[in-house]
Amino acid sequence: MRLTYLATYPVKSCYRVEAGSAEVEPWGLAGDRRWLVVDGDAKLVTQRDTPALGRIRPEPRDGGLTLRAPGAPDLWVPSPRGATTDVRHFSRSIAATPAGEAADRWISGVIGRPVSLVWLDDPTRRPVEPGYSEPGDRVSFADGFPLLLANAASLDAVNDWLVEGGDEPVGMTRFRPNVVVGGAPAWAEDTWIGRRVVIGDVSFRVPKACSRCVLTTIDPETGEKGRQPLRVLGERRRFPEGLLFGVNLIPDHEGKIAVGDEVIVAKRTRRGG
């Protein structure tokens, strides 16, 4: 097996940044989901309710972030310093630093609703879900775990089902993975839960599978919303844990991974360890 694809999402729920290599930090890939868009009540905003976020193409640069979107001038946002404010990330309150009025106006104009941008200046603040982690595990603004791994052959299986049903195939970017593995059989990742996956020289625990949501029905290139692939996952991949595609990862240590790295499934671990 080999690593065939690698991506980060600097601003949660905005467009991806693909790369040939990335540094692995305790809370995820370097630069992944350290920025968050929130509404007037300081609650996170995602493409689940605001698909227009996908128009924003962030690019980490010079200690900050360049924001780009069709029809809008580029805006460079420095990583902010100063007082933090509490924001609501699903059910948890997390302290983050406001990016400032210029960034707020720019994003609000692009997506058509008043919002603010915040920066997770200290990514050690947020623990990983209890029961699936060790005490020191941390995560940025990702949904629940530091990385998401997907299997290319599993996407092929999903697309076969879609074509059989008269629907168009979908790309892997619908599932917003950080890393994609090639060379494994379809759904092999189901057997990796509770084990370790080694990518290059970096070891990761596989605590649980990933339950998918309506975000997979939004085309990341056009912003158009449909019914697939969530409907076919409901028919073919429904489990007590949800509609499953991909698995979550927690790094054992820091390091660097790159497209082309060998991927090895290693020993079984304890639940949460």
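Computation of the quantities below employed the complete heavy-atom set of this structure, encompassing side-chain atoms and omitting hydrogens, waters and symmetry-equivalent molecules.
- A donor-acceptor pair under 3.5 Å is formed between the side chain of Asn178 and the backbone N or O of Ala7.
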(request) Tell me, with the steps shown, if Leu3 and Val180 meet side chain to side chain contact (heavy atoms under 4.5 Å, CB included). (result) CA-CA 6 Å; Leu3 183 64; Val180 177; 5.7 Å; no
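- Atom SG of Cys213 and atom CG of Leu230 lie 7.5 Å apart (nearest 0.5 Å).
- Under the 4.5 Å side-chain contact rule for hydrophobic residues, Ile218 and Ile111 do not share a cluster.
- In this model, no donor atom of one side chain and acceptor atom of the other lie less than 3.5 Å apart for Tyr15 and Glu59.
- Residues Leu120 and Ala95 approach most closely at CD1-O, 3.7 Å, considering heavy atoms.
- Within a 6.0 Å radius of CD in Glu241, other residues, nucleotides and ligands contribute more than 12 heavy atoms.
- Interatomic distance, SG of Cys210 versus CG of Leu147, reported as 12.0 Å (0.5 Å rounding).
- Using a cutoff of 4.0 Å between basic side-chain nitrogens and carboxylate oxygens, Asp137 and Arg205 are scored as salt-bridged.
- With respect to Asp143, the salt bridge (Lys or Arg N to Asp or Glu O under 4.0 Å) criterion is satisfied by exactly one of Arg48, Arg92, Arg33: Arg48.
- In summary, Arg55 and Glu221 do not engage in a salt bridge, as defined by a charged side-chain N under 4.0 Å from a carboxylate O.
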* Stepwise side chain to side chain contact (heavy atoms under 4.5 Å, CB included) check, Val11 with Val37 -> CA-CA 8 Å; Val11 182; Val37 177; 3.9 Å; yes
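- Note: the hydrophobic cluster containing Val197 also contains Ile257 (ILVMFWY, side chain heavy atoms under 4.5 Å, direct or indirect links).
- Judged by distance alone, the side chain of Ser13 and the main-chain N or O of Gln47 form a donor-acceptor pair under 3.5 Å.
- Using a 4.0 Å cut-off between a side-chain N of Lys or Arg and a carboxylate O of Asp or Glu, Asp167 and Arg231 do not qualify as a salt bridge.
- Side chains of Ser203 and Asp252: a donor on one and an acceptor on the other come within 3.5 Å.
- The closest side-chain donor-acceptor pair between Arg81 and Thr97, if any, does not fall under 3.5 angstrom.
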*side chain to side chain contact (heavy atoms under 4.5 Å, CB included) between Leu29 and Val24, intermediate numbers included*: CA-CA 5 Å; Leu29 298 183; Val24 178; 3.9 Å; yes
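- Side chain of Arg88 to backbone of Ala42: no donor-acceptor contact under 3.5 angstrom is found.
- Donor-acceptor pairing under 3.5 Å is lacking for the side chains of Thr217 and Gln228.
- Of all the heavy atoms in Gly246 and Leu148, the pair that sits closest is C-CD1, 4.3 Å.
- Contact check for Ile56 versus Trp106: side-chain heavy atoms found under the 4.5 Å cut-off.
- A pairwise comparison of heavy atoms in Ala103 and Val77 identifies CB-CG2, 3.9 Å as the closest pair.
- Annotation: side chain of Arg16 is in contact with side chain of Thr173 (closest heavy-atom distance under 4.5 Å).
- For Arg237 and Asp190, the salt-bridge test passes: some basic side-chain N is under 4.0 Å from an acidic carboxylate O.
- Asp219 contributes no side-chain N or O that, together with a main-chain N or O of Gly223, makes up a donor-acceptor pair within less than 3.5 Å.
- Relative orientation of the Phe175 and Phe245 rings is parallel, given thresholds of 30° and 60° on the angle between their planes.
- For the residue pair Asp74 and Thr66, no side-chain donor N or O sits within less than 3.5 Å of a side-chain acceptor on the partner.
- Hydrophobic clustering, with ILVMFWY side chains joined whenever heavy atoms are under 4.5 angstrom apart, groups Val263 together with Val265.
- Considering all non-hydrogen atoms of both residues, Ser108 and Pro114 come closest at OG-CA, 3.6 Å.
- Cation-pi geometry between Lys12 and Phe141 is not met: the NZ or CZ atom fails to fall both under 6.0 Å from the ring centre and inside 45° of the normal.
- Annotation for Glu101: atom CD does not count as buried by contact number, only 12 or fewer foreign heavy atoms lying within 6.0 Å.
- Here the CG atom belonging to Leu75 is positioned 8.5 Å from the CD1 atom belonging to Ile107, to the nearest 0.5 angstrom.
- Side-chain contact between Pro169 and Val163 is present, with heavy atoms from C-beta onward closer than 4.5 Å.
- From Leu162, atom CG reaches atom CZ of Arg236 across 9.5 Å, with rounding to the nearest 0.5 Å.
- At a threshold of 4.5 Å between side-chain heavy atoms, the hydrophobic network of Ile, Leu, Val, Met, Phe, Trp and Tyr places Phe90 and Val139 in two separate groups.
- Judged by the 6.0 Å and 45° rule, Arg34 forms a cation-pi pair with Trp119.
- Here the side chain of Thr222 pairs a donor or acceptor atom with the backbone of Glu224 at under 3.5 angstrom.
- Residues Leu155 and Trp187 are members of one and the same hydrophobic cluster, defined by side-chain heavy-atom contacts under 4.5 angstrom among Ile, Leu, Val, Met, Phe, Trp and Tyr.
- Atom-to-atom distance recorded for Leu117:CG and Leu36:CG is 8.0 Å, nearest 0.5 angstrom.
- Using a 4.5 Å heavy-atom threshold, the side chains of Val181 and Thr4 count as separate.
- For CZ of Arg238, the number of neighbouring non-hydrogen atoms (other residues, nucleotides, ligands) closer than 6.0 Å is 12 at most.
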Query raised in the report: Is there a salt bridge (charged side-chain N to carboxylate O under 4.0 Å, His left out) between Asp49 and Lys43 once you walk through the steps?
Result: CA-CA 12 Å; Asp49 50 68; Lys43 295 180 181 178; over 6 Å; no
Discussion item. Evaluate Trp76 against Leu65 for side chain to side chain contact (heavy atoms under 4.5 Å, CB included), listing each step before the verdict.
Written reply: CA-CA 6 Å; Trp76 181 68; Leu65 196 67; 5.9 Å; no
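- For Arg212 against Leu233, the heavy-atom pair with the smallest separation is CG-CD1, 4.0 Å.
- Taking all atoms of both residues into account, the shortest heavy-atom contact from Cys14 to Tyr9 is O-CD2, 3.8 Å.
- Atom CD1 of Ile250 and atom CD of Glu129 lie 9.0 Å apart (nearest 0.5 Å).
- Residues Arg2 and Glu262 meet the side-chain proximity criterion, which asks for heavy atoms closer than 4.5 Å.
- Counting heavy atoms from C-beta outward, Met172 and Tyr5 have side chains that stay 4.5 Å or more apart.
- Counting only distance, with no hydrogens or angles, the side chain of Asn151 and the backbone of Gly182 share no donor-acceptor pair below 3.5 Å.
- Under the 4.5 Å side-chain criterion, counting only non-hydrogen atoms from C-beta, Leu249 is not in contact with Phe145.
- Under the 3.5 Å distance criterion, the side-chain polar atoms of Asp122 are matched with a main-chain donor or acceptor of Thr124.
- Residues Leu244 and Ser211 have side chains in contact (heavy-atom distance under 4.5 Å, counting atoms from C-beta outward).
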